Amino acid sequence: MSDTAKKDSLKQPSLNFIEEIIEEDLRNNKNEGRVHTRFPPEPNGYLHIGHAKSICFNFGLAKKYSGKCNLRFDDTNPITESVEYVDSIKEDTRWLGYDWEEREFYASDYFETLFDYAVNLIKKGKAYVCDMSTEEIAATRGTPTRPGKESPWRNRPLEESLELFYQMRDGKYPNGAKVLRAKIDMASPNMHMRDPVMYRIIHAPHHRTQNKWCIYPTYDWAHGQSDYIEGITHSVCTLEFEVHRPLYDWFLDALEIKKNRPRQIEFARLNLTYTVMSKRKLLELVENKTVNSWDDPRMPTISGLRRRGYTPESIRVFSEKVGVAKRENIIDVALLEHCCRQHLNKIASRVMAVINPVKLIIDNYPDNKTEELTGRINPEDPDTLMRKIPFTKTLFIEREDFMEDPPKKFFRLAPGKEVRLKYAYIIKCESVVKDPETGEITEIHCTYDAESRSGQDISKKKVKGTIHWVSYEHAVKIEARLYDRLLKTENPDVAEEGKDFKSNLNPGSLKIVEAYGEPSIRNFKKGSKVQFERNGYYTVDPDSTEKHIIFNRTVTLRDSWAKVLKNIGKKG
RNA sequence: UGUCCGAUGGUGUAACGGCAGCACUGCAGAUUUUGGUUCUGUAAGUCCAGGUUCGAAUCCUGGUCGGACAACCA
């Protein structure tokens with residue numbers, strides 16, 4: 001072995017910066033060597049591919065370091081949250097392949113404890129009830145460059161704050177009348193340290209605690225303490241919470257938490273080209289009916305990707321490949337598609353389907369003959385069985401596979417040229433029939449070479465091209481939903497003055513067409529992964545029925561011919 | 001004009017003071033009964049200016065550029 005090869009084989013896979021922190025903690029036996037993470041979604045929307053990265057990372061860290069990962073719903077704002085979202089989050093997390101075992105938690109589980117902690121802080125003079133309105137608080141907070149003004153209630157006797165706080169809980173005040181605030185520093189250069197709100201009054205039923213509470217903790221107050229209660233060691237979140245970290249730590253200090261103290265670590269969220277990722281924007285697309293639902297296959301939601309035909313494996317591999325760091329990033333959606341194709345190539349059953357059909361007649365083939373040909377269900381997996389494909393005189397082929405006046409490198413069918421019909425014979429184009437009105441080709445007439453049958457070819461012919469086909473009389477009509485990217489620009493948030501991402505919507509993001517498949521196309525169940533040969537990967541939509549078969553296009557096959565055409569176009 | 005964070009090919013991500021590597025994308029070729037897959041090759045990078053050092057992507061100083069922060073959202 002050469003020196004460099006030796007070095008390479010000894011080299012450890014490199015760690016991301018969070019794994020480095022964890023390994024350092026492990027070396028120092030921090031938290032008795034425990035690693036415990038959590039995935040903390042707010043149940044106010046559906047999970048998207050960005051959440052998937054966080055799920056894979058948090059559960060992945062726990063697995064890698066023999067620890068645990070909790071699922072915790074950050075349900076501190078009853079107005080926007082609902083069980084519908086809780087259920088979808090659980091379904092999606094499970095589908096991605098992660099198991100939180102019995103550790104399904106809710107911040108609302110800790111409302112009582114959090115209340116006691118707050119009482120503790122009031123007694124220590126570290127929190128106070130403030131009677132100012134939302135507007136007054138905003139007006140006195142200052143700006144990032146100017147300090148705020150202290151609340152007139154800031155130094156009220158702590159007995160009074162305590163009394164008021166209990167009354168808030170008892171429902172004596174309307175929404176917005178009072179809040180509990182941490183007493184920190186109104187002049188702090190960090191806005192989050194300017195006496196942040198810990199509790200606000202919201203008279204609204206909560207999806208779990210119903211009407212038990214009318215005061216609700218804010219994120220900053222609830223999150224770190226929930227982490228502590230659950231024994232979380234490494235509380236991983238996204239970069240926008242970086243400025244919250246001093247507050248996270250301040251609360252732990254104020255509560256004098258020293259042992260099993262959680263640590264917040266921030267990493268950069270996932271961004272994807274041609275994609276919007278914020279829950280607000282995705283909700284907007286659902287509500288204004290740009291898409292049909294949260295699980296519309298054009299959505300970057302987990303449920304959308306699932307319906308589109310993505311596999312959990314491919315999403316996990318993708319999450320691994322994008323890496324974890326602190327710098328803002330925008331990942332090329334081509335990487336996601338690559339991960340998807342890579343997995344689907346291995347597992348998808350092959351089938352021939354014609355999306356844009358034109359009739360092809362083999363003039364020298366017997367009129368009433370049907371041959372039963374065979375094709376492997378998946379050539380990538382020799383363990384798969386063969387499928388039967390009927391062959392007859394009249395077929396459908398793809399309109400794009402024929403050109404009357406082809407460019408030099410066109411390997412498909414053209415007048416006087418030969419191609420192979422996949423799994424069948426070599427044919428030669430003899431003539432075409434056109435619609436006298438429109439000039440559109442209605443029939444392509446060919447002759448076949450009976451000696452060229454697949455598997456028993458004694459014709460000695462070599463052809464460059466192979467095309468797919470279906471027997472006209474055996475063709476199974478299906479609906480193909482051809483999905484393309486929802487947004488037409490790489491960074492859809494960049495829009496013209498006065499416009500937003502919606503001006504970058506791709507009007508062609510969904511085309512629904514009638515297509516024709518070989519008979520075996522009937523065999524697939526909802527969610528099955530299929531490759532339409534030479535075309536793309538598809539999956540059976542949940543709305544598909546035996547009478548009305550619906551296939552969603554997950555992603556096309558790579559198409560180097562399209563690139564050639566594009567380059568020809570460029571050259572003029 | 002504030003505080004915090006960041007900056008390595010087109011896009012991501014490694015290198016932990018010692019040969020800038022990997023992946024995606026692009027390009028070229030080989031193989032191929034999927035113009036797919038696979039394989040091979042190739043192009044392309046350390047924000048700038050100083051300093052420390054035998055040696056700097058890495059450490060220090062100053063700048064530039066980008067991001068986050070002024071909800072009783074999370």
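Computed from a predicted structure; not experimentally measured.
Whole-Å rounding puts the L336(A) CG to rU13(B) P distance at 16 Å. Rounding to whole angstrom units, CZ of residue F267(A) and C1' of rA68(B) are separated by 15 Å. Between the CG atom of D332(A) and the C1' atom of rG10(B) there is a distance of 9 Å, given to the nearest Å. Computed from coordinates, the F318(A) CZ to rU11(B) P distance equals 16 Å when rounded to whole Å. If you measure from atom CG of N491(A) to atom P of rG12(B), you get 11 Å, rounded to the nearest angstrom.
Residue contacts shown for E328(A) are limited to sugar-phosphate atoms, with no base heavy atom under 4.0 Å away. Using a 4.0 Å heavy-atom criterion, one finds that F410(A) contacts the bases of the nucleic acid, with or without backbone contacts as well. Note on R350(A): a base of the nucleic acid sits closer than 4.0 angstrom, heavy atoms only. Note on L239(A): nothing from the nucleic acid sits closer than 4.0 angstrom, heavy atoms only. Heavy atoms of R181(A) sit nowhere under 4.0 angstrom from any nucleic acid atom. Heavy atoms of V324(A) sit under 4.0 angstrom from primed sugar atoms or phosphate atoms, though from no base atom. The residue E266(A) sits apart from the nucleic acid: no heavy atom pair falls under 4.0 Å.
Of the residues E533(A), E398(A), E518(A), the one that meets the side-chain hydrogen bond (donor to acceptor under 3.5 Å, both in side chains) test with H468(A) is E398(A). Each of R38(A), R245(A), Q264(A), E230(A) was evaluated against S235(A); a single residue qualifies, R38(A), per the side-chain hydrogen bond (donor to acceptor under 3.5 Å, both in side chains) test.
As rounded to the nearest Å, rG45(B) and rU25(B) have C1' atoms that lie 15 Å from one another. Comparing rA23(B) with rA43(B), their P atoms sit 15 Å apart, to the nearest whole Å. Taking atom C1' on both nucleotides, rG29(B) is separated from rG9(B) by 23 Å, rounded to a whole Å. A distance of about 32 Å separates the C1' atoms of rA56(B) and rG2(B), rounded to the whole Å. With P as the reference atom, rU61(B) and rU52(B) are 15 Å apart, rounded to whole Å. Here, rC48(B) and rC65(B) have their P atoms 15 Å apart, quoted to the whole Å. Rounded to whole Å, the separation between the P atoms of rA28(B) and rU33(B) comes to 23 Å. rU53(B) and rU58(B) have their P atoms separated by 16 Å, with the value rounded to a whole Å.
OP1 or OP2 of rG35(B) has at least one side-chain nitrogen or oxygen of R534(A) nearer than 4.0 Å.
Side chain Q531(A) to base rU34(B): a donor-acceptor pair is found below 3.5 Å. Residue R146(A) places no side-chain atom within donor-acceptor reach of the base of rG2(B), judged by atom type and a 3.5 Å distance cut-off alone. Residue E242(A) places no side-chain atom within donor-acceptor reach of the base of rG6(B), judged by atom type and a 3.5 Å distance cut-off alone.
Salt bridge K464(A)/E418(A): absent, no basic N to carboxylate O contact under 4.0 Å. In summary, R194(A) and D185(A) do not engage in a salt bridge, as defined by a charged side-chain N under 4.0 Å from a carboxylate O. Using a cut-off of 4.0 Å between Lys/Arg side-chain N and Asp/Glu carboxylate O, D381(A) and R376(A) are scored as not salt-bridged. Between R141(A) and D195(A) there is no salt bridge, since no side-chain N of the basic residue sits under 4.0 Å from a carboxylate O of the acidic one.
Ring centroid separation for the pair Y85(A) and Y46(A) comes in under the 6.0 Å cut-off. You'll find the ring centres of F251(A) and W221(A) inside the 6.0 Å limit. Aromatic pair F241(A)/Y219(A): centroids less than 6.0 angstrom apart.
Checking A268(A) against S560(A), the closest nucleotide of RNA chain B that is more toward the 5' end is the one next to A268(A). Nearest-nucleotide mapping onto RNA chain B: of F411(A) and N329(A), the residue sitting toward the 5' end is N329(A).
For H207(A) and S82(A), the side-chain atoms include no donor-acceptor pair closer than 3.5 Å. With 3.5 Å as the limit, one finds no donor-acceptor pair spanning the side chains of N378(A) and E380(A). D227(A) and Y248(A) are linked by a side-chain donor-acceptor pair at a separation below 3.5 angstrom, with hydrogens and angles left out of the test.
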Practice problem: Determine, step by step, whether F17(A) and F267(A) satisfy the side-chain contact (heavy atoms from CB on, under 4.5 Å) criterion, reporting the C-alpha distance in whole Å, the side-chain angles of both residues, the deciding distance to 0.1 Å, and the verdict. | Solution: CA-CA 9 Å; F17(A) 80 102; F267(A) 73 101; 4.2 Å; yes
Practice problem: For nucleotides 69-74 of chain B, just jot down a letter per nucleotide in 5' to 3' order: B, S or -, based on protein non-hydrogen atoms under 4.0 Å. | Solution: SB-BSB
Quiz prompt | Sugar-phosphate or base contact per nucleotide [nucleotides 26-33 of chain B; S, B, -; heavy atom under 4.0 Å] | solution = SS-----B
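In this structure rA14(B) sits in the anti conformation; its chi angle is more than 90° from 0.
Taken together, the paired segments of RNA chain B that extend over three or more consecutive Watson-Crick or G-U pairs, each closer than 3.5 Å at both contacts, are B:2-7 with B:64-69, B:10-13 with B:21-24, B:26-30 with B:38-42, B:47-51 with B:59-63.
Heavy-atom contacts from other residues, nucleotides or ligands closer than 6.0 Å to NZ of K488(A) number more than 12.
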